[in-house]
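See below for the structure under consideration.
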Amino acid sequence: MSHFNFIAKQIRSQNQLKQLHAQLIQNSLHNQDFWVAQLIHLCTRLHAAPRYTTQVFYLAPQPDVFVCSNMLKYHSQMGATNEVFALFDQMQEANVKPVAFVYPLLIKSSGKAGIQFHAHLLKRGLNYDKYIQNAVMGFYCKYGPIESARELFDMMPERTIADWNSIISGYWNWGNEVEAQKLFDLMPEKNVITWTAMVSGYAKVNDLESARRYFDKMPEKSTVSWNAMISGYAHNGLAQEAIELFNEMMSFGLTPDETTCVAVVSSCSMLGDPGLAESLVKRIAEKGTCPNHFVKTALLDMYAKCGNLNMARKIFDGLGECRNLVTWNAMIAAYTRVGDLASAMGLFHQMPKKNVISWNSIIAGCSQNGESAMAIELFKEMIASKDLKPDEVTMVSVISACGHLGALELGNWVANYLTENQIRLSILGCNSLIFMYSKCGSMRKARKIFEEMENRDVISYNTLTTGFAAYGSGAEALELLSKMKQESMQPDRITYIGILTACSHSGLLEEGKAVFKSIKDPDIDHYACMVDLYSRVGKLDEAKRLIDNMPMHPHAGIYGSLLNASRVHKRIDLGEFTANKLFELEPENSGNYVLLSNIYASAGRWEDADRIRGLMKAGGVAKATGWSWVEHGGKIHRFVVGDHSHKLSDDIYRVLGEMKKKMMVAGYMADKSCVLRDVEEEEKEEMVGTHSEKLAVAFALLISEPGAVIRVVKNLRVCRDCHMAIKIISHLEKREIIVRDNNRFHCFRDGLCSCNDYW
DNA sequence: GTAGGGTTAG
């Protein structure tokens, strides 16, 4: 017996384990409880395969308490919760009570299922030893409700330091700073773990000053304490502070471990400085410790964020068997960051297991790289599989994708999904909803979300303001500005851009001037808004004067406003001046040529108009082809010029014909520039916006109930001709038609447009 | 056999 005992202690590999097993069989000891328990213990230590371990277990004809307990330990180490409970049932039938020491292990390794052990203990009225008590309390600290943990804590006849530490970190885990603090002060005796828990707790709630205060006050510090403080800084984006503290740690002659290394590496990635990380890893390697997968993943991420994708991929490939979810996710994010969606998608489909972050990475990746529709498809796929619940991060990406598409039906569906699945949104999430509703033209809902928010930040205000601006609701935007001041929320440069744009789109000259005057240090964008405001209200000379007197060089956008206004107000002199400035600033922009040409045309100066068109052709300035789209039944219907691919194409062109007839009857064909004049074949390319948009409007008319609000969404500027057409149709059909162009809405009612744009 | 620190998504 002692001979085998000696061998058992020496065993380091699975091969040696199997040799011992064979020797036991030879000596007919293999089915004795003592040896079976030993073998299972070794299986646990060496991470042997479940099939082999189970075989060993069944060697014992009537497994005793030790065999069973070791087997429970093995299962719980493997995360096989079902097997753990099955064995428990078996033991109950055989009337075998597990030894106390397995309970803490089982509770810890069973995750959320740990609660079943508490139930089990309660049901059997088992006496808890101090370890079991601590483990049960630790379970509630981790998974909640924290009140249950507190109850157990209060009921304890005696409390060890470990119990105090558990409940304190439990409160930190649930963000209850006050109670953690209170218990810390009450605690009769503290150790380094207690102090470290306070440091990391404060770091977790982003209160780094308090964290540092505790860190400086603690009577002794372990490496873990240093790590807590350094990673606290790193987590909160304070890379510089993290590195400084790390240097301080080194100056004390302390040895960093791998966790230190992870924090320093991630700080380096924020600073874009791989050098320090490389030297640190080298130093650790010299000590003989090879960087573990945490360090390697941090390095992977660092190289990816510093733009060295090859190095990142090399580490990823080198990790081989050690690759885990986090490494896969980091690599996917690396690809989406540089816009390589194909590679990201390839990895995503290859990965053996996915978690919420994997889905979030790929969905956000699509959303950020202009693939909004794909982002939504992936989201649908995610929720269809039902094994993972989307969280706020998922929803923010999906909501913003709906916003970018201007897809209100989808947006409503997503918002519904939020309430049905009780996904609570933070400020960030609510802001994304405001953005989405604004982009979809539903200002009522955007405002409702805003008003129902418990806390708002400056971005909440800016998002809603920008929405009002796009919708031409100047008064509402100004109201929001005074609300901001009432609530002592400091407006920033974006706020003022929104407010001025709103004034501009609703013709509020005096109000806009007053706001502009109140800006402490206006930048070029604020000047641009003012030029636009003067232009839109027809004060072109004032606009010109502002341009001449502004303290910085005007950019193309500024002249653009003036040029468009020059067309509307038929100011050939200013039009020529600004157009020539624009030809210098952005020679490739065809719009400027078209505008100047139209200015000449409207004054009957056809030769000049043709000359400019010729200039445009000679310069090879082509107009990009465009399309419009309409959302209907959760789908996006896309229209391009001359398009007959839609299945309702025949009906669409029929409606288009009816529109034409109605307009003729109403006498709208007199104007040469009217929408439905027949265009020459070669002109068609220029008219692309008009045509695709008309198809979209026709489709919208076709599918909507009489009297319903029609929503046309498009990604082009609403051209002048089409604008007129919609005005007329809204009048004739007695319908409200909402059209979105690049970033603003036009609400047509009774032949009038809500915006103050010049048409 | 109890308690403190780690990498990824917005």
Side-chain angles (χ1 to χ4, degrees), chain A residues 69 73 99-108 129-138 141 159-170 172-173 190-201 203-204 214-215 218 221-232 234-235 256-266 269 291-302 304-305 315 319 324-334 336-337 344 354-365 367-368 390-400 426 428-429 431-432:
Chain A
S69 296
K73 241 166 98 177
V99 288
F101 77 81
V102 292
Y103 279 103
L105 288 171
L106 295 181
I107 292 168
K108 254 194 97 171
D129 73 2
K130 62 174 182 173
Y131 297 109
I132 296 181
Q133 282 184 356
N134 186 278
V136 173
M137 187 178 77
C141 285
R159 285 174 274 268
T160 62
I161 297 190
D163 294 323
W164 284 91
N165 289 343
S166 293
I167 190 85
I168 288 176
S169 27
W172 279 120
N173 191 32
K190 305 169 179 71
N191 63 10
V192 60
I193 295 177
T194 325
W195 285 92
T196 308
M198 294 306 279
V199 172
S200 68
K204 207 188 216 163
Y214 278 82
F215 180 76
M218 52 197 296
K221 294 182 183 73
S222 65
T223 305
V224 177
S225 322
W226 284 91
N227 291 345
M229 196 64 229
I230 296 174
S231 348
H235 248 283
D257 66 4
E258 282 147 319
T259 305
T260 328
C261 201
V262 168
V264 174
V265 170
S266 77
S269 74
N292 64 12
H293 73 271
F294 280 109
V295 179
K296 284 184 185 160
T297 306
L299 281 167
L300 185 163
D301 187 54
M302 179 190 73
K305 282 181 180 152
I315 296 174
L319 274 161
N324 62 12
L325 263 170
V326 182
T327 25
W328 282 91
N329 292 345
M331 200 64 226
I332 288 174
T336 60
R337 211 173 284 126
K354 298 177 180 72
N355 66 1
V356 180
I357 297 184
S358 324
W359 284 95
N360 290 353
S361 305
I362 198 76
I363 291 175
S367 187
Q368 284 157 17
D391 63 8
E392 187 181 359
V393 180
T394 329
M395 299 318 292
V396 167
S397 300
V398 175
I399 293 166
S400 107
S426 67
L428 180 89
N431 290 350
S432 72

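Scope of the values below: all heavy atoms of this structure, side chains included, with no hydrogens, waters or symmetry mates.
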Using the side-chain heavy atoms of A/V396, tell me which of these nucleotides is nearest: B/dG6, B/dG10, B/dG4.
B/dG10

From the list B/dG4, B/dT2, B/dG6, which nucleotide is the closest neighbour of the side chain of A/V192?
B/dG4

Name the closest nucleotide to the A/S200 side chain, picking from B/dT7, B/dA9, B/dG4.
B/dG4

Among B/dG6, B/dG1, B/dG10, which nucleotide sits nearest the side chain of A/P104?
B/dG1

Is the side chain of A/N227 donor-acceptor paired with the backbone N or O of A/I230 at a distance under 3.5 Å, no angle test?
no

Can A/Y131 be classed as stacking with the base of B/dG1, given a centroid separation cut-off of 5.5 Å and a plane angle cut-off of 30°?
no

Check this for me: does the side-chain of A/N191 come within 3.5 Å of the base of B/dA3 through a donor and an acceptor?
yes

side-chain N/O A/K305 vs B/dT8 OP1/OP2, d < 4.0 Å:
yes

With a 4.0 Å cut-off on heavy atoms, is A/T259 in touch with a base, just the backbone sugar-phosphate, or nothing at all?
base

Do A/N431 side-chain and B/dG10 base share a donor-acceptor contact under 3.5 Å?
no

Ignoring hydrogens and angles, state whether a donor on the side chain of A/T260 or A/D257 is under 3.5 Å from an acceptor on the partner side chain.
yes

Donor-acceptor pair under 3.5 Å: do we get one between A/N227's side chain and the base of B/dG4?
no

Among B/dT2, B/dT8, B/dG10, which nucleotide sits nearest the side chain of A/A333?
B/dT8

Just checking A/N355: base, sugar-phosphate only, or nothing, at a heavy-atom cut-off of under 4.0 Å?
nothing

Report which part of the nucleic acid A/R337 touches: base, sugar-phosphate, or nothing (heavy-atom distance under 4.0 Å, all strands).
sugar-phosphate

Distance in angstrom units between A/N360 CG and B/dT8 C1', rounded:
10 Å

May I ask you to say what A/A135 touches in the nucleic acid, namely base, sugar-phosphate or nothing, with a heavy-atom cut-off under 4.0 Å?
nothing

Reckon A/S266 touches a base, only the sugar-phosphate, or nothing at all at heavy-atom distances under 4.0 Å?
nothing

Looking only at side-chain N and O atoms, does A/H235 come under 4.0 Å of OP1 or OP2 in B/dT7?
yes

Could you check which of B/dG10, B/dG5, B/dT7 has an atom nearest any side-chain atom of A/L428?
B/dG10

Taking N and O atoms by type only, does the side chain of A/S222 place a donor or acceptor under 3.5 Å from a partner on the base of B/dG4?
yes

Of the listed nucleotides (B/dA9, B/dT7, B/dG4), which one gets closest to any side-chain atom of A/S225?
B/dG4

N/O (side chain, A/Q133) to phosphate O (OP1/OP2, B/dT2) under 4.0 Å:
no

